[in-house]
Amino acid sequence: MVDFKAIEEKWKTEWERQEAFEANADPGRKKFFVTFPYPYMNGYLHLGHFYSIMRTEAFARYKRLKGFNVLFPQGWHCTGSPIESAAKRIREKEPGQWKTMKLSGFSEQETGQFGNPEHWTEFFPKTAKQDLIDLGMSIDFRRSFITTDLNPQYNRFIEWQFRKLKEKGYVVKGNHPVVWCPKDNTPVGDHDRVEGEGETPKDFIWAKFRMKHSDLIIMAGTTRPDALLGQTHIWIDPQGEYVVAKVKGEKWVVGKEAIRKIEQQFAKPEIIGSITAGELMYKWAQGPLVGYETTIIPAAFIDATVGSGIVYSALEDPVDLMEMQHIQAQPEIARSYGLDPEVIAKLKPIFIIDVEGLGENLGQEMLDKYRITSPADKKKLEDAKGELNRVVFRKGVMNKSCGRYAGMSVPQAQEAIKKDLIKGNDAVMFYELTGKAVCRCLTECIVKVVSDQWFLHYSDEEWKKVAHECLNSMRLYPEKSRQQFNYVIDWLQNWACVREYGLGTKLPWDRKWVIEALSDSTIYMAYYTLAHLIRDENPEDIDDSLFDYVFALKKDPPKNGKKIRSLEAMKKEFGYWYPMDFRNSGKDLIQNHLTMCIFNHTAIFPRKHWPQSFGVNGWVTVDGKKMSKSLGNFILLKDLVQQAPVDASRITILSGGEGLDDPNWDSEFAKACPAKLEGLTELCLGHHGKGRADMLSADHWMESTLHLIIRDATTFMDELMFRSALQKIFFDLPKAMRQYLRKTSSSPNRAIMDAAITAQIVMLSPFAPFLAEELWQKTGGKGLVAHARWPAYDEKKIDEKATYIDDMLSSARGDIDAVLHLAKISKPSTVTLLIAHPWTYDLVKLVKEQLPETRNPGDILKAAMATPLKQHGAHIAKLVPKLVNNPSMLPAAALSQEQEQHAFAEAKSLYEDELKCPVEIVRAQDSTHPKAQQALPGKPAIIVT
RNA sequence: GCGGAGGUGCCGGAGCGGUCAAACGGGGUAGGCUUAGGACCUACUGGCUUAGUGCCUACGCAGGUUCGAAUCCUGUCCUCCGCACCA
């Protein structure tokens, strides 16, 4: 029995005692710097963290074995609102939060402590570190740190970074709409909502229709500014309550409900008075973009409480068109409102959009298609409107009547018109939520336009260009993810980088703002290089000039340079370790963190310090199901460490997947894994240092196989394909060693067996470091296996023939069994193997050579007939088509008859042992048996009696 | 809707024009080795056949290109990830 837990304790202690993973600048050695994004400290680490960090860890250990000086640091992220919100909910005794804490195993008293946000930043980093130590991560923990102003040195670093960005013009001021909780006075992200996940502010245009003979302006909302080009009239709600409000010096007519929105999103309005629908009806107004006036018409389907309470119509959509047709068919309705039916009768759609495959009257086409005859067909009307909007948006083109917008696609025209109207004071921008959203405090959210907001200027075209350059120079694992990165660089808009709420660093020039969590984590990898040194410096002495100096951006020594004891050491560390060589995370971080990391590196650092490579991976599932607390399959690392041997867990998680696919934690595999590790232990310890000195063909086979496995495993490790590497290392190699022992009756060549065992231990160490250390020590390895050398392979030692002979012998063995079975002979008295005629070897060689040229049996046959093989023409004519159709019959390596005979002769005694009867190896030309003709190279004919 | 990644056997997944009924692993069945085993070994795990290496049906669905397609092309359906101010 292997006592895994004892081994873990032993080596954890030993690694710490030897400071095995503390890496320092050493200019004489090549370096490799890997990172994993610091996890957010609002809870325990779980299986999801484990997978991404294991990819980093396995790569770090591999690079160490390849002779690199490897730095793998780890920090803890505390910036942002979740910790502060949760602490607040605890203080307010919010039952849901208390229950969550209880489920996480905290007592009431402990939970009370979490009412203080700082407690989170002390408690969870501690547990996270312990988890990672227990899991055998080869991390340099001297360099760990937490973020926010709770860490004054890091705080200085972030301040420096932001001043730097601002200097270079990458931080700009602007307005931005957010989903907002009026009670908490804070933006409400998806995860902070009890209802309305995914709802987002959608922009509307409120177009200004100036009333004739009046200074009133009708504000008509729309999502389709393009339709203004075909405006026909204005709709109002006959039952609606309207008001006149003074906004920025103008008198707006809007629905009463709209006042609140104006206040939240635009400017403080002053209500001058109310106005009824009746007073508005049949008045004329001048809308934007066109040279004619339109009139105001009531319609039952308009709701004064939605949007601005007023809309305009172009009769382009089926709902409007149906309503209008309804009104036109009943002139008495118009008359009852005091409208002139003749004016109404003249209203018809103005065509402005061409859609391929549709006529010009789009609304009518839809009405016909859906067979709608009445405004009461609400469901059908909605569907028809939906379909039309989609098709117009995708395929619509503004027609030649549209002036400067003619020829534009509909989305293009919408953007252009929006811009022009706002610029010309013909419209203002408003936002509506796409649906109801409710904050965790149970308050319904609104849209608020945050003004004076600071943004990182990711929309800057020049900046995007440089970001692309950086990406182009990077290695990505897997390469497939590049498309997504390219897309995100282009798609990223200005990023609101500060908030009014949460933990973090205060914006240095505007202290009411706190720098937001993604924005303070873009270039912090540079901080790792000096975290352990700067920690001991007085924050008072740390200023921008220090960072400029140690990051080699300016030559001038810092102002307080004399007071900074580790100044030169920091500069040296940064200069040695940067750039970062590899960073791995889940694929969800492509769209923000990783891309922002690229942007900000290019903004601050010179090209030589840009990131070198990123790895991205999928999301962990447990036995094929998404990991979630409600499903009860949420695995925390602190529990995992208790429950199973760590080495087994590490292997299980990495063999769960690779690439961008979601990796799966397979419980069955996890259960079976420790036993497999025990078997491997027996195999290594039981055969190390034993064996003979002479070389037999089985030894050549083992040597060849070993080098082949090392070669493949090395390729996979280089590509970060850990599952494939594990297949070679954890499955194929032990299997080969066992076969080897069997072939040699447990008397292997000592040097070869030892080489295999050593390779096994070293190659296993990135995955199962604890057991590997133990085996390394027990087999007499010097120092730690963590610092050993990855086995080299020798292409010359890879002998295709050796592998082929092995396959040939075992497939012949299988064929013997098949024949025995078919012949219903359980105890044969003799088995004879007839080795193929010498000329068949020539034929097979010829076919193999011809195959890449032609697949036509006739041509190959002709080629064969041109050689001395001609004398076997009859056989060849039959054989060639067979071989062409089934190339698997062709041997993988070319042997001569003598070599094949020799190989079988060597295996003879093994066969005899297994079959318990004499085995004869006979050349076909020495036999008169008719089956002798059937024999092919690698496929001897078999006769059993 | 937009962008990305995928759909292969009981399961996880290799394969990405011919050597594919499909690597490797898991699970299952039968047997072996063992005091015992969760180690290790052997066979079977789409169907049918046979003193042997053969045939048929299969790689989401429907077409196409090719002497030949799981692999290339077109269409279609389905699944997953992201779409922001949030870690």
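What you are looking at is a predicted structure, and each value in this text was computed from that prediction instead of being measured. Every heavy atom of this structure was used, including side-chain atoms; hydrogens, water molecules and symmetry mates were not.
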Handout entry: Heavy-atom closest pair, residues G48(A) and V620(A)
Key =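 What the structure gives for the nearest pair is CA-CG2, 4.0 Å.
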Roughly how many Å is it from [atom1] in [X] to [atom2] in [N], rounded to a whole number?
| X | N | atom1 | atom2 | answer |
| --- | --- | --- | --- | --- |
| F716(A) | A23(B) | CZ | P | 15 Å |
| I943(A) | G52(B) | CD1 | P | 13 Å |
| N617(A) | C80(B) | CG | C1' | 15 Å |
| W665(A) | C11(B) | CH2 | P | 23 Å |
| E84(A) | A87(B) | CD | P | 11 Å |
| L708(A) | C24(B) | CG | P | 14 Å |
| Q739(A) | U42(B) | CD | C1' | 12 Å |

Side chain of [X] only, heavy atoms from C-beta on: which candidate in [options] is closest?
| X | options | value |
| --- | --- | --- |
| E678(A) | G52(B), G38(B), G3(B) | G38(B) |
| Y40(A) | A87(B), G4(B), G26(B) | A87(B) |
| D666(A) | G26(B), C2(B), A87(B) | G26(B) |
| Y487(A) | C41(B), C2(B), A87(B) | C2(B) |
| H77(A) | A87(B), G38(B), G13(B) | A87(B) |
| D732(A) | G82(B), G26(B), C24(B) | C24(B) |
| W491(A) | U42(B), A84(B), G13(B) | A84(B) |
| F669(A) | U42(B), A14(B), G25(B) | G25(B) |
| D662(A) | G27(B), C80(B), G3(B) | C80(B) |
| L518(A) | A87(B), G52(B), G3(B) | A87(B) |

Quantified in whole Å, what is the [atom1] atom distance between nucleotide [N] and nucleotide [M]?
| N | M | atom1 | answer |
| --- | --- | --- | --- |
| A30(B) | C80(B) | P | 38 Å |
| G13(B) | G26(B) | P | 16 Å |
| G15(B) | G9(B) | C1' | 14 Å |
| U49(B) | C55(B) | C1' | 7 Å |
| A69(B) | U8(B) | C1' | 14 Å |
| U66(B) | C48(B) | C1' | 30 Å |
| C72(B) | A87(B) | P | 42 Å |
| C2(B) | C10(B) | C1' | 38 Å |

Check whether the side chains of [X] and [Y] place a donor and an acceptor atom closer than 3.5 Å, and report yes or no.
| X | Y | answer |
| --- | --- | --- |
| S667(A) | D623(A) | yes |
| E516(A) | S519(A) | yes |
| H77(A) | D520(A) | yes |
| W513(A) | Q453(A) | no |

Handout entry: Pairing string, 5' to 3', for RNA chain B - Watson-Crick or wobble contacts under 3.5 Å, brackets [ ] where pairs cross, | to another strand
Key = ((((((((.[[[..)..(.....]]]((((((.......))))))(((.....)))...[[[[[..)....]]]]])))))))....
So which protein N/O to nucleotides 5-7 of chain B N/O distances come out below 3.5 Å?
from: G6(B); atom 1: OP1; to: K480(A); atom 2: NZ; distance (Å): 2.3

Determine: side-chain N/O of [X] to OP1/OP2 of [N], distance under 4.0 Å, yes or no.
| X | N | value |
| --- | --- | --- |
| S521(A) | A87(B) | no |
| K735(A) | G25(B) | yes |
| R738(A) | A39(B) | no |
| K728(A) | A23(B) | no |

Exercise for the section: Return yes if the base of A87(B) and the side-chain atoms of N592(A) contain a donor-acceptor N/O pair under 3.5 Å, otherwise no. Expected result: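 Donor-acceptor pair under 3.5 Å: yes.
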Exercise for the section: List the steps, then state whether side-chain hydrogen bond (donor to acceptor under 3.5 Å, both in side chains) holds for H593(A) with D588(A). Expected result: CA-CA 9 Å; H593(A) 168 72; D588(A) 52 321; over 6 Å; no
Handout entry: First of Q493(A) and N664(A) reached from the 5' end of RNA chain B, by closest nucleotide
Key =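 In this pair, the answer is N664(A).
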Exercise for the section: Map E668(A) and H176(A) onto RNA chain B by nearest heavy atom, then report which one ends up closer to the 5' terminus. Expected result: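 Nearer the 5' end of the strand: E668(A).
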Handout entry: Distance flag, aromatic centroids of F722(A) and F716(A), threshold under 6.0 Å
Key =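 When the ring centroids of F716(A) and F722(A) are compared, they turn out to be at least 6.0 Å apart.
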Exercise for the section: For S459(A) and N494(A), run side-chain hydrogen bond (donor to acceptor under 3.5 Å, both in side chains): C-alpha distance rounded to whole Å, both residues' side-chain angles, the deciding distance at 0.1 Å, then the answer. Expected result: CA-CA 5 Å; S459(A) 63; N494(A) 289 352; 2.7 Å; yes
Counting the atoms with a prime plus P, OP1 and OP2 as sugar-phosphate, which does [X] contact under 4.0 Å by heavy atoms, base, sugar-phosphate, or nothing?
| X | answer |
| --- | --- |
| Q484(A) | base |
| S655(A) | nothing |
| I590(A) | nothing |
| P478(A) | nothing |

Practice task
From the options I158(A), T148(A), T79(A), select the one residue that forms a side chain to side chain contact (heavy atoms under 4.5 Å, CB included) with I515(A).
Solution key: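 Considering I158(A), T148(A), T79(A), a side chain to side chain contact (heavy atoms under 4.5 Å, CB included) with I515(A) is found only for I158(A).
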Exercise for the section: Any pair with a residue in residues 725-734 of chain A that passes side-chain hydrogen bond (donor to acceptor under 3.5 Å, both in side chains), sequence neighbours left out, goes on the list, sorted by first then second residue, please. Expected result: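 For residues 725-734 of chain A: K728(A)-D732(A).
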Practice task
Tell me, please, which residues at least two apart from W120(A) pass ring pair (Phe, Tyr, Trp, His ring centres under 6.0 Å).
Solution key: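 Scan of W120(A) (ring pair (Phe, Tyr, Trp, His ring centres under 6.0 Å), adjacent residues dropped) gives F114(A), F124(A).
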Give each protein N/O atom lying under 3.5 Å from an N/O atom of nucleotides 33-35 of chain B, with the pair distance.
none

Practice task
Kindly determine whether Y38(A) and Y524(A) satisfy ring-ring contact (aromatic ring centres under 6.0 Å, His included), including the steps that lead there.
Solution key: CA-CA 10 Å; Y38(A) 40 33; Y524(A) 73 92; 3.6 Å; yes
Exercise for the section: Check the pair Y477(A) / F614(A) against ring-ring contact (aromatic ring centres under 6.0 Å, His included), numbers first and verdict last. Expected result: CA-CA 6 Å; Y477(A) 307 90; F614(A) 284 158; over 10 Å; no
Practice task
Output yes when D647(A) and K676(A) qualify as a salt bridge under the 4.0 Å nitrogen-oxygen rule, no when they do not.
Solution key: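 Result for this pair is no, no salt bridge flagged.
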Exercise for the section: Could you list the residues that satisfy side-chain hydrogen bond (donor to acceptor under 3.5 Å, both in side chains) with Y740(A), not counting sequence neighbours? Expected result: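 Scan of Y740(A) (side-chain hydrogen bond (donor to acceptor under 3.5 Å, both in side chains), adjacent residues dropped) gives D699(A).
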